[in-house]
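This report refers to the structure that appears directly beneath it.
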Amino acid sequence: MATAVPELSRERLSLVAGLHEWVVTVDHKKIGVMYVLMAIAFLLIGGLEAVLMRVQLLWPRADFLPPLTFNQFFTLHGTTMVFFMGMPILIGMANYLVPLMIGARDMAFPRLNAMGFWVTLFGGLLVYASFFVPGGPPAIGWFAYAPLTEKTFARGPGVDCWALGLLVSGVGTIAAGVNFVATIVGMRAPGMKLRQVPFFVWTILGTSIQILVAIPPLTAALVMLIFDRHLGAHFFDPQAGGSAYLWMHLFWFFGHPEVYILVLPAFGMISEVVPVFSRKVLFGYEFMALATMAIVFISLGVWAHHMFTVGMSRTLDMFFAGASMLVGIPTGIKIFNWLATLYGGKLVLKSPLLFALGFLSMFVIGGLTGIILACAAVNFQIHDTYFVVGHFHWVLIGGTVFGVFAGLHYWYPKVTGRMLSERLAKWQFWLLLVGFILTFAPMHVAGVLGMPRRIYTYEPGRGWDLWNQLATVGALIQAPSYLIFAFNLVWSLRHGELAGDDPWDAWTLEWATTSPPPSYNFESVPVVRSRRPLWDLKHPDDPDWKYE
Amino acid sequence: MGLLLFATTDEVVSQNLSVFSPASPQAESIRGLFVLVLAITGGIFLIVEGVLVYSLLRSRRRAAAGEAEPPQVYGSTPIELAWTAAPLLIVFVLFLVVARTEWEVRPGPEDQPPPGSQPLSVTVIGRQWWWEYVYEKYDGREWHVTTANELHVPASDDGVPRPVYLTLKSADVIHSFWVPRLAGKTDLIPGRVNRTWFQTAERGVFLGQCAEFCGTQHANMLLRVVADEPAEFERWLANEAKPAVDEPAAAAGKRAFLAQSCVNCHAVRGTPARGTYAPDLTHLMSRKTLASGMVANSAEELRRWLADPQQVKPGCLMPSFKLSDRDLDLITGYLRTLR
Amino acid sequence: MSEAVAVGLAVEPRPDPRKVGMLAFLASEAAFFSTLVVGYVVYLGKSITGPTPPEVLSRPLVVGTTVCLLTSSYTVHRAERALRAGAGGFAHWWAATAALGVVFLAGTAYEWYSLIAVHGLTLGTNLFGTTFFTLVGFHAAHVTIGVVMLLTVLGLWRRGHLPGREPVAVTLTAWYWHFVDGVWVVVFTVVYVVGR
Amino acid sequence: MAEELHRPEEGPNVEMLKPTVWPMMLGLGVALMGAGVATSPAFLALGGVIFAAALVGWVGDLLPGRGHAEEPMIAPPPEPVAARPGAVERLRPGTPGYRFMLPLKVHPVSAGVRGGLVGGVVMPLPAFAWALLSGHSIWFPVNLLAGTLLPGVDGTNLAELEQLHPTLVLIGVVIHAAMSLVIGLLYGVLLPTIPQRVVWQMACGGVLVPLIWTGLCYGLMSVANPALRANVDWPWFATSQFVFGLTAAAVVVRSEKVAVAPAGGP
């Protein structure tokens, strides 16, 4: 999309030379854009898989997709959305924004940054290469519980493609985590204290810490799996005394923080959009930062709430139930603080705020159903049902996707120099909101009525038909919303209104440079003395720094 | 056709898997907890959305006030403390109740059947993609009877609880035993032994199915629990314990059955068929369904299944044997005699 | 920077991002090795067939290699000090470190040879073999990478590509080496002391 | 790993990293090796070669003077940020400044803690009075409270509940103390946000909150604590709540208010 940013088109690069420039780039902005484009491509692929699955579930005993294909699709859908859409789009946006927000010329390790992007992309391609191997893609679920992944039950190389794809892209994710920590700790503009960075930067710091702690155990678990499959090791082989249980623990030790890796940056984007579009400072910045760090650390100790039904001791069940409910408290603090920021503000109802409001009203539901699931005894009933599917889509779409859309609409003018079409954005928003609620609300009901997840079909007469049909209709309403967005990205690149450097009258450093910014970001790096350096410049008579 | 038959069976009603229509003490106390937490979260939901809507409406009025920026409120320590403490209180109370419910519904290592009860112990073995049950002990008597997919249990009466203790194992991958109206789910994990229990005073059929993804036909790993009158249950169990009926009229069918490779996987007690890899067929006709609950156990469904299992349940582990029409008729006829 | 000084703002010194990055990377490595150690501990004594650790693990050999590795942490420290003091000897201490690393690797190779050829223990023999070779193997791989880094830095320094008294490449390589050493202390304790 | 970072410098040129193909090649090598493990050794070998080449190339980039280039600052400068002085509303007409921490004056946190503790001490008195008047022992209400956590305290064996069980008493006391303390803290924090008149604050803390609390308990008690639900006498229960509410509110309201450090100056 951004290959046509003004500075490039001036030089009339041929297509090959243009591509070459992107392949060899070490500029954090270009890398960020590539991450986002890759993520959007995978979003459309994963979304297509989801729609096909929803069509299969439209009627009981339908045979639109064969069972194996359905199982492969939900494996790929989950894997794609988590590893090749969710994380890349967040890492990509952070890549673009963090150096600009803290007044740095680039990330701390630009080449490592480029490598991180390429291994993530190649990892995704490796997973999808499984379509061309004997046996096709893996049918193991994104959680890939052993021993279903062992050679005995999954003979073809599909599982290997999956495991190695994740392993390879995991290397890229860790690289990104290292890079963000180094950049945020060591490269802030002169004068900018850690408690003055834009709030998005805080959440990226938290996310990076979680990446550094949570991804390596997944890497180790994947290595063990590959050793089992190729070198005859017995890590997850019950016949030799190995334990299916170990994989569960390792996977969820990664898998739960992963949820926060996916949602914390969205929190950060909301914390940038809500203040600017309410025309007020963020309410309770310090408490928000504390809450972020509390989430980072508490969420490292809650993983086994995915495992209440495996027969742990009652004491362990209670530990993980209690810890999981505790995570709700810092999350609640954040929601209340966003509401307090809105309260008494003068709202500018443009598309970024629209998506932020969608986030606020929807994410809270996902959080609350999370509290329900954390109640161990209730979990015995609704674990692995459609209630859970409804819950985490409510978190990941209601949270991450709405947050990311708020962010993309907010920063698109900075990246391209042009505004996204507000009209298309409004269509996108309302289709998404209605379709999303219609898809996932009925799933909660189906789950409570006893419908397990990951089933390719269901019996008639169980009372699930209506809820599945509503969900499918919802998915079909949702789908065009993403297409409209993709179209808007391309269309506005040429036809969007010219944005200028600071279209939203915002307060953070990225708006102090040109749109799009030059490769070196800032001609002279500004000195920062408050959380809102641009407020200080716009109100020289009454700058913030006198009071912070 | 068979589908229609199945759908009209009167036992199948739409609320039969709802966690909100419990038929056992533990499902009952889980529903109680569910209602409590729904009420709490519902309250929080209303408050948050209320504040959100109020802020939006209020801001509309403010927008008329001109170009100037609104007052800048940086935060409030007391308010932050309040909205930390209030959720903490809710979490605290909820935690207490969750802990109590946990102790009510989960079997502990020291749990004993209550005095005056007639406990039933069954070992459940999860297999791709069906359930094997081994009846170990009922009311103090040892049984060791093997059957599949439909679990018969005695219903409790006032004063005589008949708790059902399940020992859960897996022969291959992870499965999960779930009958929503009777108890929460518990996983069957290879290399590990889990336990769960339930008891019910209600007579009838309770539906359930595997709740952990276990491969291609996970969706059709269905199960039914039948709670019988105790006397009826005892009759059923005594019948299951007998070897297969040997009806002379089906002798040709029996020969055809034994001549096929069926015997490598299936067992029919009292005949040379001793396979343990697939469901025990000794009393096949005592079951209402075939293929782990997928289709009704009727002559035409059975024949269709034998003709090509992959047609009925694609991906299942029973291969299609390309039997001749004659063999199909004979074997179907024989199996129909296994009451 | 000059503007900051001009407005009289105290600009606090920032940590070197390269060092911060290395620490972050080592933290992720620590998480990785913790997982392997947990795997080893969980499966301790769970093997269905032999051989068991006490039957096949030779302590004298490993104590010897451990001493080599621990000494190498000292030599790399001396190398840094020599460079900082501007005195000679950097190259010698640094090369000694790499040499000790190679001796350690040779010891491991000998141990593996005797395990595989004499005792018939491989990755696929039992859970002990599975976890042992994975844990010790990943550590050995890290030592190998460390030796390559040491030699690369030595080569670059010889050609004058690393000027100054504290080139960051030297510091970071030393940190990495100390980390690999620290991991070995844990592995040694778990595998050869507690687990035997 | 170790790469040069760019210190911001003034001047027409800025030193930036040169574009390089090695990071991409390294990624390609790693991915091909992965594909090799999954499928065929040919990929493994190819990936290994690319990986090694990329590594060497990358290290070469790190050498002084190789990986960097001076880049001229030719892009047009950003639009200057325009000053927009004075355009901020006041919170209320006449207040100095527009930067706030809310509320402006608060009770110290210790007031809430004290309120909770005092309330927690007097609250059991009506409960004990009820127990004695209705012919139970004073351990009865304590044991019932512990039923929130413990299963089996379901009021079936009342005789058991009349006796002193140290565990039950301990659990009962912990539950009571924790809840009193947190609610006291909430009082300390929230009462100042109610209009500045003692009557209003007392009415809220002493009457309204206990009423709401009793209502919630009435609705949810059958799940939250079946033992208590089976035996509770609602008028006495409500009395306990009022006693707590009034005491805690009184302690809080009587305490001196302190001013919050202002976020914004005059």
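The figures here come from the full heavy-atom set of this structure, side chains too, leaving out hydrogens, waters and symmetry mates.
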Closest non-hydrogen atom pair between B:T216 and A:L68, with its separation: CG2-N, 4.1 Å
Nearest heavy atoms of A:V281 and B:Q72, plus distance in Å: N-OE1, 2.9 Å
Mutual orientation of the aromatic rings belonging to B:W83 and A:F283 [parallel < 30°, tilted 30-60°, perpendicular > 60°]: tilted
Side chain proximity check, A:L148 to B:D172, heavy atoms < 4.5 angstrom: no
Within-4.5 Å side-chain heavy-atom neighbours: B:Q128 and A:F153: yes
A:D505 and B:E69, any side-chain heavy atoms less than 4.5 Å apart: yes
Nearest non-hydrogen partners of B:G208 and A:R462, listed with the distance: O-NH1, 4.3 Å
Partner chain A: residue of B:L36, B:I90, B:L52, B:L38 with the largest heavy-atom pair count (under 4.5 Å): B:L52
B:I189 side chain near A:M248 side chain, heavy-atom distance below 4.5 Å: yes
Intermediate values then yes/no, side chain to side chain contact (heavy atoms under 4.5 Å, CB included), A:L290 and B:E80: CA-CA 11 Å; A:L290 270 175; B:E80 299 282 353; over 6 Å; no
Charged N-O contact under 4.0 Å between B:E212 and A:R454: yes
Option from B:V48, B:I47, B:T41 for which side chain to side chain contact (heavy atoms under 4.5 Å, CB included) with A:V364 holds: B:V48
Derivation of the side chain to side chain contact (heavy atoms under 4.5 Å, CB included) call for B:E102 and A:F380: CA-CA 10 Å; B:E102 171 89 11; A:F380 299 156; 3.5 Å; yes
Heavy-atom closest pair, residues A:C375 and B:L33: CB-CD2, 4.2 Å
Minimum side-chain heavy-atom gap A:V448-B:F34 below 4.5 Å: yes
Test item: A:K280 side-chain N/O and B:P70 main-chain N/O as donor-acceptor pair under 3.5 Å: no
Residue, of B:S29, B:A99, B:G191, that accumulates the most heavy atom pairs under 4.5 Å with chain A: B:A99
A:Y245 and B:D187 side chains, donor-acceptor separation under 3.5 Å: no
Within 45° cone of A:Y343 ring axis and under 6.0 Å: B:R58 NZ or CZ: yes
Most chain A-contacting option - heavy-atom pairs closer than 4.5 Å, from B:L88, B:L188, B:T101, B:T196: B:L88
Inter- and intrachain pairs under salt bridge (Lys or Arg N to Asp or Glu O under 4.0 Å), touching residues 317-330 of chain A, at least two apart: A:D317-B:R106
Heavy-atom pair of closest approach, residues A:L339 and B:S55: O-OG, 4.3 Å
Student check: side-chain heavy atoms of B:S176 and A:V310 closer than 4.5 Å: no
Closest-packed option against chain A by number of heavy-atom pairs under 4.5 Å, given B:G42, B:G315, B:P180, B:P87: B:P180
Greatest number of heavy atom pairs closer than 4.5 Å to chain A - which of B:H218, B:R195, B:R192: B:R192
Contact check, side chains of A:W464 and B:L17, non-hydrogen atoms, under 4.5 Å: yes
Salt bridge (charged side-chain N to carboxylate O under 4.0 Å, His left out) involving A:R314 - partner list, sequence neighbours excluded: B:E110
Any side-chain heavy-atom pair of B:F213 and A:D384 under 4.5 Å: no
